[in-house]
Peer 1: 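The following block contains the structure, expressed as structure tokens.
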There are 2 protein chains.
Amino acid sequence: MPASPAAPGSTALGEPRSEAGRRRAGRPVGGVLDKAGITAAALTLIEKKGYDGLTMAALARSLNVAPSALYNHMESKRDVLLLVEDHLAALVDVSAFGAEPWEEAVRKWAWSYRDVFSRHTPLIPVIAVLPVTDAPQTLAMYETVSAGFRDAGFPEERIVSSIVALESFIFGSAYDVTAPADIFDSGSMADVTPSFTGAVRSLAAQGHERPADVAFSLGLEALIAGLGALRSA
Amino acid sequence: MPASPAAPGSTALGEPRSEAGRRRAGRPVGGVLDKAGITAAALTLIEKKGYDGLTMAALARSLNVAPSALYNHMESKRDVLLLVEDHLAALVDVSAFGAEPWEEAVRKWAWSYRDVFSRHTPLIPVIAVLPVTDAPQTLAMYETVSAGFRDAGFPEERIVSSIVALESFIFGSAYDVTAPADIFDSGSMADVTPSFTGAVRSLAAQGHERPADVAFSLGLEALIAGLGALRSA
DNA sequence: CTTCATAAATGAATGGCATTCATTTAGTGG
DNA sequence: CCACTAAATGAATGCCATTCATTTATGAAG
């Protein structure tokens with residue numbers, strides 16, 4: 001009724017669907033375009049082209065499909081990011097909970113969590129506001145961690161706040177990892193910022209391979225010590 | 001030489017420049033389009049329309065100028081965000097450094113820092129990777145804080161790492177403030193996540209006005225205690 | 001075997017975005 | 001008074017996510 005959708009059916013069997021089109025037209029055949037397939041394609045794309053390269057068009061292209069086809073399976077691009085986020089949550093190492101002392105379990109979890117998301121910082125604004133209902137793997141991670149805290153003797157009403165505090169630190173620290181090495185170069189302002197410039201030089205003189213790791217370790221150990229004091233038994 | 005830039009000069013004095021155009025054409029007259037003016041306009045726009053409403057077109061519009069005019073003063077939109085960020089840094093309260101004990105100074109600084117940026121979370125990915133050279137007010141903040149740490153007896157090589165750790169926690173916590181209240185509702189998965197669901201309920205039962213504040217306080221006090229132990233004197 | 005409902009794919013819009021560019025304008029310093 | 005130049009213009013450009021009418025092909029129902 002509205003505009004003019006051009007020649008119907010004529011070009012419908014043209015080149016665009018030559019290969020995959022035949023396989024996937026109609027009903028569920030193998031399912032290249034299900035959630036698992038979309039997630040895998042998105043991850044590959046992110047690895048190869050980064051988050052700037054993750055466009056709906058590029059994603060569709062890598063699945064041999066028209067961009068609009070994605071919208072039969074997802075409401076928006078945000079859903080794609082959610083899928084990726086939840087996949088990554090499953091990569092976070094929670095295995096030490098229940099197997100090692102609480103301190104060590106938190107330590108391993110936190111380092112692993114930071115490492116995974118430091119390569120996916122564009123997801124952080126998404127996760128931070130993400131209702132866990134939509135992310136089963138993420139929820140599973142919280143369950144394991146919560147159980148670890150409970151078994152370690154944490155009062156139930158402090159568990160969520162403690163995890164949130166740790167997570168906040170982890171997300172912020174994930175950004176640090178990606179910061180340029182010269183981020184604290186005060187340049188021409190060096191003479192009016194003697195304390196800061198001196199502190200930066202003093203740290204640089206230590207010659208740490210990854211300065212972000214030093215700050216992360218420092219903060220994490222402080223949090224573990226401070227939060228650990230909340231335990232009753 | 002290329003395309004066809006249409007009627008030259010004819011419409012140049014039309015409506016678009018009726019008011020501000022007369023004031024600002026040519027050389028520096030009053031300077032609505034200098035850094036201060038752009039920053040002020042951007043902040044007003046952000047307050048009224050949020051970060052989604054902060055487009056180069058909308059910013060130009062609020063300055064009674066064509067979008068392309070902005071590019072005579074800024075390299076990219078990122079520069080606008082930098083300007084805003086640096087303006088906000090000046091709002092962070094560092095006054096307690098040098099006036100109160102280190103613990104209390106850090107506490108006031110951290111709460112103030114988090115509060116300012118919790119209303120500007122879209123800037124966080126920008127700040128985290130921002131070379132301080134480009135942000136004088138931000139650098140000034142670091143200088144005051146660094147001096148506070150030095151005077152409190154911190155070994156020089158630990159100062160930057162300590163500040164980075166605190167900042168990471170602050171940025172992560174700024175996101176929490178904006179999270180929806182039901183973010184931890186496990187929905188249909190409640191039965192398979194008993195520990196987490198119980199912990200969430202238990203926190204909710206406490207009836208805190210702002211749950212994010214509880215987590216922030218918990219983490220901040222842990223960091224203050226843990227980092228404070230690094231001081232020599 | 002035919003018919004039909006339906007999930008899934010199509011491609012051509014749409015509207016918004018940051019950014020670029022040739023050109024014009026109008027003060028300023030010589 | 002003129003040349004220089006900073007600053008403004010508006011018409012592209014190209015990219016983006018998203019929408020929609022339409023078509024396709026399958027499996028189930030009769």
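Chain naming here is simple, since letters A, B, ... match the order of the sequence lines and numbering starts at 1 in each.
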Peer 1: Is it true that Y142(A) and Q137(A) share a donor-acceptor pair across their side chains at a distance under 3.5 Å?
Peer 2: no

Peer 1: Rounded to whole Å, how long is the line connecting atom CG of D52(A) with atom P of dA17(D)?
Peer 2: 11 Å

Peer 1: Near R61(B) CZ, under 6.0 Å, is it more than 12 heavy atoms from other residues, nucleotides or ligands?
Peer 2: no

Peer 1: To the nearest Å, how far apart are Y71(A) OH and dA9(C) P?
Peer 2: 15 Å

Peer 1: Check whether the side chain of N72(A) and the base of dA7(C) form a donor-acceptor pair under 3.5 Å.
Peer 2: no

Peer 1: With a 4.0 Å cutoff (strictly under), does any side-chain N or O of H73(B) reach OP1 or OP2 of dA6(D)?
Peer 2: no

Peer 1: Between R201(B) and D185(B), is the closest basic N to carboxylate O distance under 4.0 Å?
Peer 2: no

Peer 1: May I have the distance from L81(B) (atom CG) to dA18(C) (atom P), rounded to whole angstrom?
Peer 2: 10 Å

Peer 1: Return the value, rounded to whole Å, for the distance between atom NZ of K49(A) and atom C1' of dC15(D).
Peer 2: 15 Å

Peer 1: How long is the line joining NZ of K77(A) and P of dT19(D), in whole Å?
Peer 2: 15 Å

Peer 1: Taking for each residue the nucleotide of DNA chain D with the nearest heavy atom, is it T55(A) or S68(A) whose nucleotide lies nearer the 5' end?
Peer 2: T55(A)

Peer 1: Rounding to an integer number of Å, can you tell me how far N64(B) CG sits from dT9(D) C1'?
Peer 2: 14 Å

Peer 1: What is the distance from CG of L54(B) to C1' of dG16(C), rounded to the nearest Å?
Peer 2: 15 Å

Peer 1: Are F171(B) and F171(A) an aromatic pair by the rule of ring centers under 6.0 Å?
Peer 2: no

Peer 1: Quick one: which of dA18(C), dT9(D), dA17(D) gets closest to the side chain of V65(B)?
Peer 2: dT9(D)

Peer 1: Nearest-Å distance, CZ (R61(A)) to P (dC15(D))?
Peer 2: 13 Å

